[in-house]
Amino acid sequence: MELGLVGLGKMGGNMRERIRRAGHTVIGYDRNPDLADVHSLEELVSKLKGPRVVWVMVPAGAATQSTVDELRELLSPGDVVVDGGNSRWTDDEKHAAQLGEKGIGFVDCGVSGGVWGLENGYALMYGGDAEDVAKVQPVFDALKPEGDFGSVHAGKVGAGHFAKMVHNGIEYAMMQAYAEGWELLEKVDSVTDVREVFRSWQQGTVIRSWLLDLAVNALDEDEHLDRLRGYAQDSGEGRWTVEAAIDNAVPLPAITASLFARFASRQDDSPQMKMIAALRNQFGGHAVESKK
């Protein structure tokens, strides 16, 4: 089949290559002309035969909204837009309604796989009407990992990005647990080879995972992570997961704590810890450290 792909960065560029390897035609557009096959969204649409499928792989928020707005004016009834970025699921409902006014279908797709997806395949979670999903199915089949799993029609519009959001929330908590365990192992004198302890967990233990494999890779490159600053950004999905948990009265203590730990990582001199130190000094006479 033919696919228009908007956004050819780290994820989008590799996805284009994997889809092409499966025998499909991909026409890609990116603001960087060195990456693009065409020079505009209008040219991309003009080169596709109807019913068209255009996959949007740009940052969530304003960039996705402006792309959807432009495609709304360029596409025809029966065409389908797929949002494969990390949009909030509530935006999917809005985009589906806006495109639906013109008879254009909409599918949201959470994509996981990162830079490894080209060779390993991408885990896909998508939401939308069955008729619209069917038009995109050959692309889903090309992108997914080999085997029976790794791809799911999660439900109606918004379900794909909601599922990916929860996936990323779980990822936050898993990474935090590995990080805390690593720090404790590094702290004690009795453990003399933390990297090899992590490596030993890769076989036969209940905590083995791809994240553990990646942690070992990182330790192989920098055994004590001395070259890194202890700062971790969050891309939004963790916050949205916690917000959704509040809205639905679902307790998520591990995921919430992992999100707050990332916030703490951005403070070189934590104001909260200043207050805690002051209070400990006031009620118990505990020593405090002054700034040098």
Side-chain angles (χ1 to χ4, degrees), residues 1-89 91-111 117-118 122 124 126-144 151 153 156-158 160-161:
M1 67 171 286
E2 291 184 341
L3 177 75
L5 182 57
V6 183
L8 302 170
K10 292 180 181 178
M11 288 279 283
N14 282 346
M15 289 167 63
R16 172 175 62 177
E17 178 61 23
R18 186 172 175 88
I19 297 167
R20 284 177 174 172
R21 289 181 184 180
H24 302 294
T25 299
V26 182
I27 301 171
Y29 169 69
D30 193 276
R31 289 184 300 176
N32 182 347
D34 294 334
L35 303 176
D37 302 314
V38 293
H39 303 294
S40 67
L41 282 179
E42 184 175 6
E43 184 181 357
L44 180 147
V45 170
S46 71
K47 289 182 176 295
L48 295 171
K49 301 172 185 174
R52 305 174 185 87
V53 176
V54 178
W55 188 302
V56 178
M57 205 69 189
V58 301
T64 295
Q65 184 64 62
S66 64
T67 304
V68 169
D69 289 343
E70 189 170 353
L71 288 173
R72 183 176 181 268
E73 303 305 317
L74 294 172
L75 295 174
S76 304
D79 294 343
V80 175
V81 172
V82 183
D83 179 4
N86 281 327
S87 294
R88 190 184 175 104
W89 81 96
D91 290 344
D92 296 326
E93 297 165 356
K94 178 177 66 174
H95 295 155
Q98 292 172 333
L99 293 167
E101 293 173 355
K102 293 289 190 79
I104 302 166
F106 179 82
V107 174
D108 64 287
C109 184
V111 182
L118 174 59
Y122 299 87
L124 306 172
Y126 37 92
D129 294 340
E131 181 181 354
D132 294 329
V133 168
K135 294 176 182 178
V136 192
Q137 194 63 55
V139 175
F140 292 147
D141 292 342
L143 288 172
K144 68 180 287 296
S151 177
H153 185 183
K156 57 187 180 181
V157 165
H161 280 145

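- A donor-acceptor pair shorter than 3.5 Å can be found between the side chains of Q65 and Q98.
- Smallest separation of non-hydrogen atoms from L44 and I27: CD1-O, 3.4 Å.
- Shown here for P59 and T64, the closest heavy-atom pair between the two residues is O-OG1, 2.8 Å.
- For the pair H161/R88, no side-chain contact is recorded, criterion being any heavy-atom separation below 4.5 Å from C-beta on.
- A donor and an acceptor atom, one from each side chain of S151 and Y122, are nowhere located under 3.5 Å apart.
- In plain terms, the two heavy atoms of G78 and P51 that are nearest each other are O-CB, 3.5 Å.
- With contacts defined as side-chain heavy-atom distances shorter than 4.5 Å, the pair D108/V157 qualifies.
- Residues V45 and L75 form a side-chain contact, since some pair of their non-hydrogen atoms from C-beta on lies under 4.5 Å apart.
- Using cut-offs of 30° and 60° for the angle between ring planes, the H153 and Y126 rings count as parallel.
- Between the N32 side chain and the D34 main chain, a donor and an acceptor come within less than 3.5 Å of each other.
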Inset, instruction - Decide side chain to side chain contact (heavy atoms under 4.5 Å, CB included) for V133 and Q137; before the verdict, give the C-alpha distance in whole Å, the side-chain angles of both, and the deciding distance to 0.1 Å. - result: CA-CA 6 Å; V133 168; Q137 194 63 55; 3.7 Å; yes
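- Side-chain contact between V82 and V54 is absent, with no heavy atoms from C-beta onward closer than 4.5 Å.
- By the 6.0 Å contact criterion, CZ on R20 is enclosed, its count of non-hydrogen atoms from other residues, nucleotides or ligands being greater than 12.
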Legend entry - From CA spacing to verdict: salt bridge (charged side-chain N to carboxylate O under 4.0 Å, His left out), D37, R16: CA-CA 11 Å; D37 302 314; R16 172 175 62 177; 3.1 Å; yes
Legend entry - Working for salt bridge (charged side-chain N to carboxylate O under 4.0 Å, His left out), residues E73 and K102: CA-CA 9 Å; E73 303 305 317; K102 293 289 190 79; 3.3 Å; yes
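- Ion pair E2/R52 not flagged as a salt bridge, since none of the NZ, NE, NH1 or NH2 atoms sits closer than 4.0 Å to an Asp/Glu carboxylate oxygen.
- Surrounding CD of E42 are at most 12 heavy atoms belonging to other residues, nucleotides or ligands under 6.0 Å away.
- The aromatic rings of H95 and F106 stand perpendicular to each other, their planes meeting at an angle above 60°, with 30° marking the opposite boundary.
- Distance check: I19 CD1 to R21 CZ gives 12.0 Å after rounding to the nearest 0.5 Å.
- L35 has its side chain out of reach of Y29: every pair of non-hydrogen atoms, C-beta onward, lies at least 4.5 Å apart.
- When the shell of 6.0 Å around NZ of K94 is examined, it contains more than 12 heavy atoms from other residues, nucleotides or ligands.
- We find the OG-CG distance between S66 and L71 to be 9.5 Å, quoted to the nearest 0.5 Å.
- Inter-residue side-chain proximity for K135 and M1 is flagged as unmet; no heavy-atom pair is nearer than 4.5 Å.
- Judged purely by atom type and a 3.5 angstrom limit, R72 has no side-chain atom pairing as donor or acceptor with the backbone of L99.
- Rounding to the nearest 0.5 angstrom, the gap separating the OG1 atom in T67 from the CG atom in L41 is 6.0 Å.
- The side-chain heavy atoms of V80 and W55, taken from C-beta on, include no pair separated by under 4.5 Å.
- From L74, atom CG reaches atom CG of D69 across 11.0 Å, with rounding to the nearest 0.5 Å.
- Between the side chain of D79 and the backbone N or O of S76 there is at least one donor-acceptor pair closer than 3.5 Å.
- In this structure, M15 CE and L3 CG are separated by 8.5 Å, a value rounded to the nearest 0.5 Å.
- The shortest distance between side-chain heavy atoms of V81 and V107 does not fall below 4.5 Å.
- Under 3.5 Å, the side chains of S87 and D83 contain a donor-acceptor pair of N or O atoms.
- D30 CG to M57 CE: the interatomic distance, rounded to the nearest 0.5 Å, is 12.0 Å.
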